[in-house]
Amino acid sequence: MKSLLAVTFALALAGTSAAQPAKPIIAGVDGTFAPHVMPKLGGGVEGFNVDLIEELNKQLNRKIELFVGQFSGLIPAMNSGKLDFIGAPVTITPERAQNLLMSEPYLNTFYTFIVPKGAQDIVTLEGLKGKTISVNRGSSYDQWARERAEQYGFKVESFGTTADATQAVLSGRAQAQLLGNTIGAHAIMRSGGQLKAATVKVDQGMLFAAAFRKDDVALRAEVEAALECLKMNGTMARIYEKWLGEKPEPGSPAVTVYPGFGAPGFAGYDPKPHTPACK
C-alpha cells in the first residue's frame with residue numbers, strides 16, 4: 001500500500017551520543033477523519049490523534065512516524081509489517097479483538113444528532129418523526145438511519161461528505177444530522193454557535209482504542225503505558241478539550257486508567273498489574 005503522506009515527530013533519544021537510535025515506530029492513521037486526523041493548511045495533518053501520537057512520542061524512547069492512508073488499508077498494512085500499530089481510532093469489537101491486540105480504551109464512541117442552536121431539543125428517537133436527517137452517504141450512520149426511518153417516521157438524505165451533511169442542517173435542508181459524537185462535537189465547536197447537540201443519542205457502549213498485531217504484545221504494552229501516563233498527567237484531557245470543545249466527563253475512557261493491558265472483557269486482555277514509568 002502506497003503512503004499518501006509521511007510525518008515524523010522529532011524525539012530526543014535517551015542515552016549517550018554513541019548509542020544507536022532505536023528503530024522508529026510506524027503508526028497508521030486515516031487522514032480524512034476529522035477531528036482525529038485531517039489535512040492542515042500549508043501541508044501535513046493535524047487533529048486529536050495527531051496530537052495524541054505526538055505526546056505518546058514524548059513518553060517513549062523511540063520516535064514515531066505517521067503513515068497516512070485510507071482506513072480500509074491500515075489493518076492489512078499492519079499485518080503485512082508495513083505499520084507497527086494503528087493510531088487512528090479503532091472501534092473495539094469482539095471480532096477485531098479476536099484478530100488484533102487492542103489497547104485500553106481512550107474515547108467513547110456513540111451516535112449523536114446535531115441540530116440548529118435555536119431549534120427545539122430532540123430528547124427521544126420518537127421526536128425525530130417528520131424530520132429530515134442528513135448523513136454521510138455510505139457511512140454506518142447512513143445505514144442505521146435508513147434501517148429505522150420507517151419505524152420512527154423520519155426521512156434520510158445522504159450527502160457525499162460529512163461537511164456537506166452538516167451544511168444541510170445549517171441551511172435548513174435538514175433538521176438534524178446523525179454522526180459520531182467526536183465528529184459532532186468538533187462540528188459544533190467550528191459552527192460559531194450555530195449548532196448544538198440534541199439530547200437524544202444512540203449509545204451502544206462502543207469504545208475507541210489503538211490496535212496492534214496479534215503477536216506484538218511488547219509494543220502494545222509500551223504504547224499503552226505511555227497512553228496511561230497521558231491520562232494521569234492531564235495531557236489527554238487537554239487534547240480532548242482542544243479538539244472537541246469540552247472537558248471529558250469524569251470516569252470516561254479519556255481520563256480512566258484501566259488495570260492490566262488491553263480492553264477488559266475482550267480477547268487479548270492481560271490483567272497483569274503494572275505501573276507505567278512516566279516522564
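- L125 and M206 are not part of a single hydrophobic cluster, where members link through side-chain heavy atoms under 4.5 Å apart.
- At a cut-off of 3.5 Å, with distance as the only test, no side-chain donor of T166 or R190 sits close to an acceptor on the other residue.
- Counting only distance, with no hydrogens or angles, the side chain of K242 and the backbone of G47 share no donor-acceptor pair below 3.5 Å.
- A donor atom on one side chain and an acceptor atom on the other are not found under 3.5 Å apart for Y240 and D51.
- If you chain together hydrophobic residues whose side chains sit under 4.5 Å apart, M232 and L227 never meet in one group.
- Ring geometry for W243 against H186 counts as tilted: the plane angle lies between 30° and 60°, on a 0 to 90° scale.
- Put simply, CZ on R146 and CD1 on I133 are 11.5 Å apart, with the number rounded to the nearest 0.5 Å.
- Shown here for L83 and G28, the closest heavy-atom pair between the two residues is CD1-CA, 3.8 Å.
- Closest approach of A209 and P105 over heavy atoms only: CB-CA, 4.4 Å.
- Residues S158 and N136 fail the side-chain proximity criterion, which asks for heavy atoms closer than 4.5 Å.
- Side-chain contact between I183 and F33 is present, with heavy atoms from C-beta onward closer than 4.5 Å.
- A donor-acceptor distance shorter than 3.5 angstrom exists from the side chain of T256 to the backbone of S252, with no hydrogens or angles considered.
- Judged by distance alone, the side chains of N181 and T112 never bring a donor and an acceptor atom under 3.5 Å apart.
- Closest heavy-atom contact between N108 and T182: O-CG2, 4.4 Å.
- Taking CD1 of I188 as the reference point, atom CG of L195 lies at 6.5 Å (rounded to 0.5 Å).
- No single ILVMFWY cluster, assembled from side-chain heavy atoms under 4.5 Å apart, contains both F261 and I92.
- For R173, the CZ atom sits in a loose shell: 12 or fewer heavy atoms of surrounding residues, nucleotides or ligands are nearer than 6.0 Å.
- The closest donor-acceptor contact from the side chain of S134 to the backbone of A165 lies under 3.5 Å.
- Residue-environment remark: CD (E249) stays at or below the threshold of 12 foreign heavy atoms within 6.0 Å.
- Rounding to the nearest 0.5 Å places CG of L219 at 6.0 Å from CG of D84.
- A donor-acceptor pair under 3.5 Å links the side-chain atoms of Q175 to the main chain of T132, judged by distance alone.
- Here the shortest heavy-atom pairing between K131 and G127 reads CE-O, 3.2 Å.
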Intermediate values then yes/no, side chain to side chain contact (heavy atoms under 4.5 Å, CB included), V123 and V200: CA-CA 5 Å; V123 297; V200 63; 5.7 Å; no
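- The hydrophobic cluster containing L41, built from Ile/Leu/Val/Met/Phe/Trp/Tyr side-chain heavy atoms closer than 4.5 Å, comprises no other residue.
- A 4.5 Å side-chain heavy-atom check between I122 and T199 finds every atom pair outside the cut-off.
- For the residue pair E55 / Q59, no side-chain donor-acceptor distance below 3.5 Å is found, with atom types taken as modelled.
- The aromatic rings of H36 and F208 stand perpendicular to each other, their planes meeting at an angle above 60°, with 30° marking the opposite boundary.
- K58 places no side-chain N or O within 3.5 Å of a backbone atom of K279 that could act as its donor or acceptor partner.
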Criterion side chain to side chain donor-acceptor pair (under 3.5 Å) on R137 and T161, from CA distance to verdict: CA-CA 7 Å; R137 184 179 298 113; T161 68; over 6 Å; no
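- To the nearest 0.5 Å, the span separating NZ on K117 from CD1 on I114 amounts to 12.5 Å.
- Inspection of the R238 and T235 side chains reveals an N or O donor paired with an N or O acceptor under 3.5 Å.
- Summarising the geometry, atom CE belonging to M78 is positioned 10.0 Å from atom CZ belonging to F85; distances are rounded to the nearest 0.5 Å.
- Listed by first then second residue, pairs satisfying side-chain hydrogen bond (donor to acceptor under 3.5 Å, both in side chains) with a partner in residues 202-226 read R62-E222, not counting sequence neighbours.
- In terms of hydrophobic clustering, with Ile, Leu, Val, Met, Phe, Trp and Tyr side chains grouped at heavy-atom distances under 4.5 Å, M38 and F48 are assigned to a common cluster.
- Between V90 and M102, the closest side-chain pair of non-hydrogen atoms falls below 4.5 Å.
- Of the possible polar contacts, one joining the Y141 side chain to the G180 backbone as a donor-acceptor pair under 3.5 Å is found.
- Few gaps surround CD on Q151; more than 12 heavy atoms of other groups in view lie less than 6.0 Å from it.
- G31 and V68 get closest at one heavy-atom pair: CA-CG1, 3.5 Å.
- Contact check for Y106 versus L207: no side-chain heavy atoms found under the 4.5 Å cut-off.
- The closest side-chain heavy-atom distance from Q177 to T162 is below 4.5 Å.
- Transitive grouping of hydrophobic side chains (ILVMFWY, heavy atoms separated by less than 4.5 Å) keeps Y269 and L100 in distinct clusters.
- Side-chain atoms of N49 come within 3.5 Å of backbone N or O of G87 as a donor-acceptor pair.
- Between K196 and V115 the shortest side-chain heavy-atom distance falls below 4.5 Å.
- Counting heavy-atom neighbours within 6.0 Å of E147 CD, excluding the residue itself, gives a total above 12.
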M189 and E246: CA distance, side-chain angles, deciding distance, side chain to side chain contact (heavy atoms under 4.5 Å, CB included) verdict: CA-CA 9 Å; M189 186 176 69; E246 58 189 14; over 6 Å; no
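- Between F212 and I86 the shortest side-chain heavy-atom distance does not fall below 4.5 Å.
- Between the side chains of Y111 and S140, at least one donor N or O sits under 3.5 Å from an acceptor N or O.
- In this structure, the separation between CG on L60 and CD1 on I53 is 11.0 Å, given to the nearest 0.5 Å.
- Closest approach of F71 to P89, counting heavy atoms only: CE1-O, 3.8 Å.
- Side-chain N or O atoms of D30 include one that pairs as donor or acceptor with a backbone N or O of T32 at under 3.5 Å.
- For K201 and F110, the positive end sits near the middle of the six-membered ring, less than 6.0 Å away and at most 45° from its axis.
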